[in-house]
Amino acid sequence: MTHPALKDRASLLALLDAWAARGWLRSLDAAFARFLAQEAGEAPPLLLLAAALASHQLGRGHACLDLADTLGDPGFALSLPPEGDSLEAEADRPVLPADLLDGLGLAAWMAALADPALVGHGEGDTPLLCIGQRVYLRRYWQYEGAVAAGIALRLGSADGEPAGMPTERLAVALGALFPPAPGVAGPDWQKLACALAARSAFAIVTGGPGTGKTTTVVRLLAVLQALALGAEGGGALRIRLAAPTGKAAARLNESIAGAVANLDLKALPDGDAVRKVIPTEVTTLHRLLGSRPDSRHFRHHAGNPLGVDVLVVDEASMVDLEMMAALLDALPTGARLVLLGDKDQLASVEAGAVLGELCRRAREGHYSPATVQWLTAVSGARVPEELIDPVGLPLDQAVAMLRHSHRFGVDSGIGQLAAAVNAGAAEKAAALFDAGLPDLSRLSPGEAELAFRRLVVDGDPAQGRAGYRHYLHILQTTRPSDEAGPAAFDDWARRVLKAHGSFQLLCALRRGPWGIEGLNPRIAGWLRDAGLIPAAEGWYPGRPVLVTRNDYGLGLMNGDIGITLGLPGPRGDEVLRVAFPAGDGRDGIRWVLPSRLQAVETVYALTVHKSQGSEFVHAALVLPDTLSPILTRELVYTGITRARSGFTLVDQPASGVLERAIGRQVLRVSGLMTRLDSHTGEHG
């Protein structure tokens with residue numbers, strides 16, 4: 001029996017407003033449905049519901065609303081009610097989506113969408129599109145199409161030797177940069193990845209932490225520059241390096257600079273000349289494209305393309321659908337695009353899981369016989385038989401997965417735990433915490449509040465793991481004298497920011513006692529009581545803050561972290577400024593008045609989503625004691641792999657939340673791969 005709210009527009013709109021008031025929907029989602037109701041007075045309630053939910057799904061990272069998935073399991077598909085909101089019956093609690101949709105059939109919902117004024121099926125100007133059983137807001141359908149077309153344009157053919165590729169010279173360059181490694185079994189995946197990326201105008205190099213993505217791309221750039229310089233009448237390629245956030249850009253800048261400096265080019269003809277034309281400066285994507293204040297548009301686009309021949313984007317899993325569309329639009333037709341990232345970590349916070357979708361078949365390879373033959377010719381390596389596919393798709397030939405971690409050895413607990421989580425081996429993952437591995441520990445906060453507090457404040461000095469006392473001690477003991485110049489205070493800020501990266505508490509949730517909203521004030525109170533900070537509220541020296549919205553005027557991006565520091569004032573007093581890494585690849589510091597920061601929050605506890613692109617010496621992940629739709633394998637894996645030397649899990653082992661989260665994977669709703677397959681003329 002159809003719910004009454006699905007028969008009456010006013011009732012449906014009132015319900016959407018109630019959901020928004022409760023925080024189940026964004027106000028924007030409910031307002032969008034109300035706008036459509038005003039524009040088209042005959043729009044049925046089911047159409048308005050689809051519009052609100054399609055907008056809601058964008059806020060959750062989905063490119064569209066899948067009607068069948070929503071009807072099959074509304075709570076999981078929509079994450080409604082959201083984490084932190086009790087399901088217990090309340091007198092004023094709105095109707096649950098599961099109750100609202102109970103008994104509704106897919107055919108009836110799709111029939112309600114047959115409104116040509118509001119819903120289209122392709123080109124046009126309707127605000128909504130219904131493609132199969134997916135409902136899009138038009139703009140995101142257009143982004144999806146632009147990304148598919150831009151990638152397909154660069155993929156070209158999946159077979160044969162690429163036109164214009166000097167195979168013999170490529171083989172010499174690869175041999176010079178990847179000498180045989182004695183005693184190493186199996187193919188050199190870094191060498192194969194470099195060859196595949198040199199072969200295609202679009203390429204992806206994916207792999208977990210420490211698999212050598214940066215090393216591979218530096219050697220790739222050396223290969224490309226060597227080929228360009230050695231060509232008749234050739235010159236150096238214009239290469240740019242970029243990352244989604246300031247922190248990711250700063251990390252890549254540091255690792256790229258070191259990799260270029262240590263690159264052994266003795267066996268490469270004109271090696272010194274090649275080194276000079278490999279860039280080490282990294283910028284953010286927003287700065288690369290030229291952000292415009294208060295606008296979604298950029299200075300660089302198809303009509304004003306970037307002046308590049310090769311663009312490398314690191315941490316590509318964080319690049320959302322809209323940004324990827326803008327990036328491809330701004331690239332000259334002949335430019336190469338190389339994406340680096342970990343396909344297994346969480347996707348972007350914004351709509352779209354572009355890298356994850358593009359790498360859906362990476363583990364199995366699917367390399368065509370022609371690709372394998374070409375790879376053997378240029379690298380001398382044999383591709384394992386199980387990775388060969390006679391009907392491999394064009395995209396498969398441009399994706400390389402690095403399979404050996406140099407950071408986490410066979411004895412690394414963090415490495416073993418990450419691998420077990422990725423494999424969905426929940427029991428093995430749980431058992432690793434009892435195996436006595438020095439870089440893993442597990443803590444139950446409900447049974448040991450004092451131990452949890454000690455972990456956050458002091459860390460575990462015996463294991464060499466820091467807590468927040470470490471960076472606050474550096475802040476207090478290394479401050480320059482008031483007479484010191486700006487350079488000394490910049491250096492102090494760099495030291496404090498680096499020390500802050502020694503430890504980070506990560507949360508799966510925002511709400512509830514074990515989410516950031518509950519933990520941040522508690523931790524501030526602990527640090528104040530320990531005499532490490534002067535206050536637990538407002539602005540004070542030592543307060544770490546997270547930028548929650550792009551601020552192009554200040555040059556700060558969503559996800560940037562800064563530390564509040566006291567500087568000498570004009571009258572001998574202390575004035576507070578927040579120090580942020582400049583994110584310009586030059587190790588600079590950006591000082592910002594607290595009053596100018598309109599969208600920041602205290603960040604002793606940080607969500608796993610916001611931690612992407614960051615790395616901490618010691619990371620602790622807090623899981624709630626009840627399962628939530630947000631708890632998935634990708635979230636747990638991403639939290640684990642933020643840790644470099646030590647990882648602590650904070651949970652209630654008896655709840656089984658860890659094991660159940662590992663058993664669930666993120667399923668971002670999208671039609672990107674279908675559209676890419678249609679562009680490349682293949683159907684996998």
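Side chains are part of it too, since the values below use all heavy atoms of this structure and drop only hydrogens, waters and symmetry mates. Everything numeric in this text was worked out from a predicted model, so none of it was measured.
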Can you confirm whether [X] sits close enough to [Y] that some side-chain heavy atom of one is under 4.5 Å from a side-chain heavy atom of the other?
X: Trp514; Y: Leu623; result: no
X: Leu331; Y: Leu311; result: yes
X: Lys7; Y: Pro45; result: no
X: Leu113; Y: Leu46; result: no
X: Val119; Y: Val135; result: no
X: His366; Y: Val399; result: no
X: Thr371; Y: Arg199; result: yes
X: Phe32; Y: Leu137; result: yes

Test salt bridge (charged side-chain N to carboxylate O under 4.0 Å, His left out) applied to Arg34 and Asp17, step by step | CA-CA 9 Å; Arg34 191 169 291 280; Asp17 287 340; 2.4 Å; yes
Just verifying a value: how many Å separate [X] [atom1] and [Y] [atom2], rounded to the nearest 0.5 Å?
X: Cys64; Y: Leu53; atom1: SG; atom2: CG; value: 12.5 Å
X: Asp344; Y: Arg633; atom1: CG; atom2: CZ; value: 9.0 Å
X: Lys610; Y: Leu546; atom1: NZ; atom2: CG; value: 5.5 Å
X: Leu509; Y: Ile516; atom1: CG; atom2: CD1; value: 9.5 Å
X: Leu49; Y: Leu101; atom1: CG; atom2: CG; value: 6.0 Å
X: Leu71; Y: Gln133; atom1: CG; atom2: CD; value: 9.5 Å

Quick check: closest heavy atoms across [X] and [Y], and the distance to 0.1 Å?
X: Leu13; Y: Leu48; value: CD2-CD1, 4.2 Å
X: Leu16; Y: Ala33; value: CD1-CB, 3.6 Å
X: Ala50; Y: Leu65; value: O-CD2, 3.7 Å
X: Leu12; Y: Ala5; value: CB-O, 3.2 Å
X: His121; Y: Leu129; value: C-CD2, 4.1 Å
X: Ala43; Y: Leu118; value: CB-CD1, 3.7 Å

Do Tyr136 and Gln142 have side-chain atoms, one donor and one acceptor, less than 3.5 Å apart?
-> no
Glu659/Glu427 under side-chain contact (heavy atoms from CB on, under 4.5 Å): CA gap, chis, key distance, verdict | CA-CA 7 Å; Glu659 291 82 353; Glu427 291 185 4; 5.6 Å; no
Out of Leu355, Leu340, Leu339, Thr638, which one pairs with Ser317 under the side chain to side chain contact (heavy atoms under 4.5 Å, CB included) rule?
-> Leu355
For Asn304, the side chain to side chain contact (heavy atoms under 4.5 Å, CB included) test, sequence neighbours excluded, returns His300, His301
For the backbone of [Y] and the side chain of [X], can you confirm whether one donor and one acceptor N or O come within less than 3.5 Å of each other?
X: Ser291; Y: His286; result: yes
X: Asp396; Y: Leu393; result: yes
X: Thr607; Y: Ala508; result: no
X: Arg642; Y: Leu621; result: no
X: Arg9; Y: Ala37; result: yes
X: Gln57; Y: Ala77; result: yes
X: Ser55; Y: Ala52; result: no
X: Thr641; Y: Tyr637; result: yes

Tyr143 and Tyr140 aromatic centres sub-6.0 Å = yes
Taking everything shown except Arg403 itself, do over 12 heavy atoms lie less than 6.0 Å from its CZ?
-> yes
Residues, nucleotides or ligands: over 12 heavy atoms within 6.0 Å of Glu386 CD = yes
Please determine whether a side-chain nitrogen of the Lys or Arg among [X] and [Y] lies less than 4.0 Å from a carboxylate oxygen of the Asp or Glu.
X: Asp677; Y: Arg360; result: yes
X: Asp342; Y: Lys213; result: no
X: Arg510; Y: Glu601; result: yes

Determine, step by step, whether Asp73 and Asp69 satisfy the side-chain contact (heavy atoms from CB on, under 4.5 Å) criterion, reporting the C-alpha distance in whole Å, the side-chain angles of both residues, the deciding distance to 0.1 Å, and the verdict.
-> CA-CA 6 Å; Asp73 187 348; Asp69 286 352; over 6 Å; no
Where at least one partner belongs to residues 120-139, residue pairs that pass salt bridge (charged side-chain N to carboxylate O under 4.0 Å, His left out), sequence neighbours excluded = none
Could you please spell out the steps behind the side-chain contact (heavy atoms from CB on, under 4.5 Å) verdict for Gln345 and Glu315?
-> CA-CA 10 Å; Gln345 78 172 34; Glu315 295 288 356; 3.7 Å; yes
Do Arg26's NZ or CZ and the ring of Trp19 fall within the cation-pi criteria of under 6.0 Å and 45°?
-> no
Would Glu144 and Leu321 satisfy side-chain contact (heavy atoms from CB on, under 4.5 Å), going step by step from the backbone distance to the final call?
-> CA-CA 7 Å; Glu144 198 175 80; Leu321 189 63; 4.2 Å; yes
Worked verdict on Arg336 versus Ser200 for side-chain hydrogen bond (donor to acceptor under 3.5 Å, both in side chains) | CA-CA 8 Å; Arg336 293 174 178 268; Ser200 176; over 6 Å; no
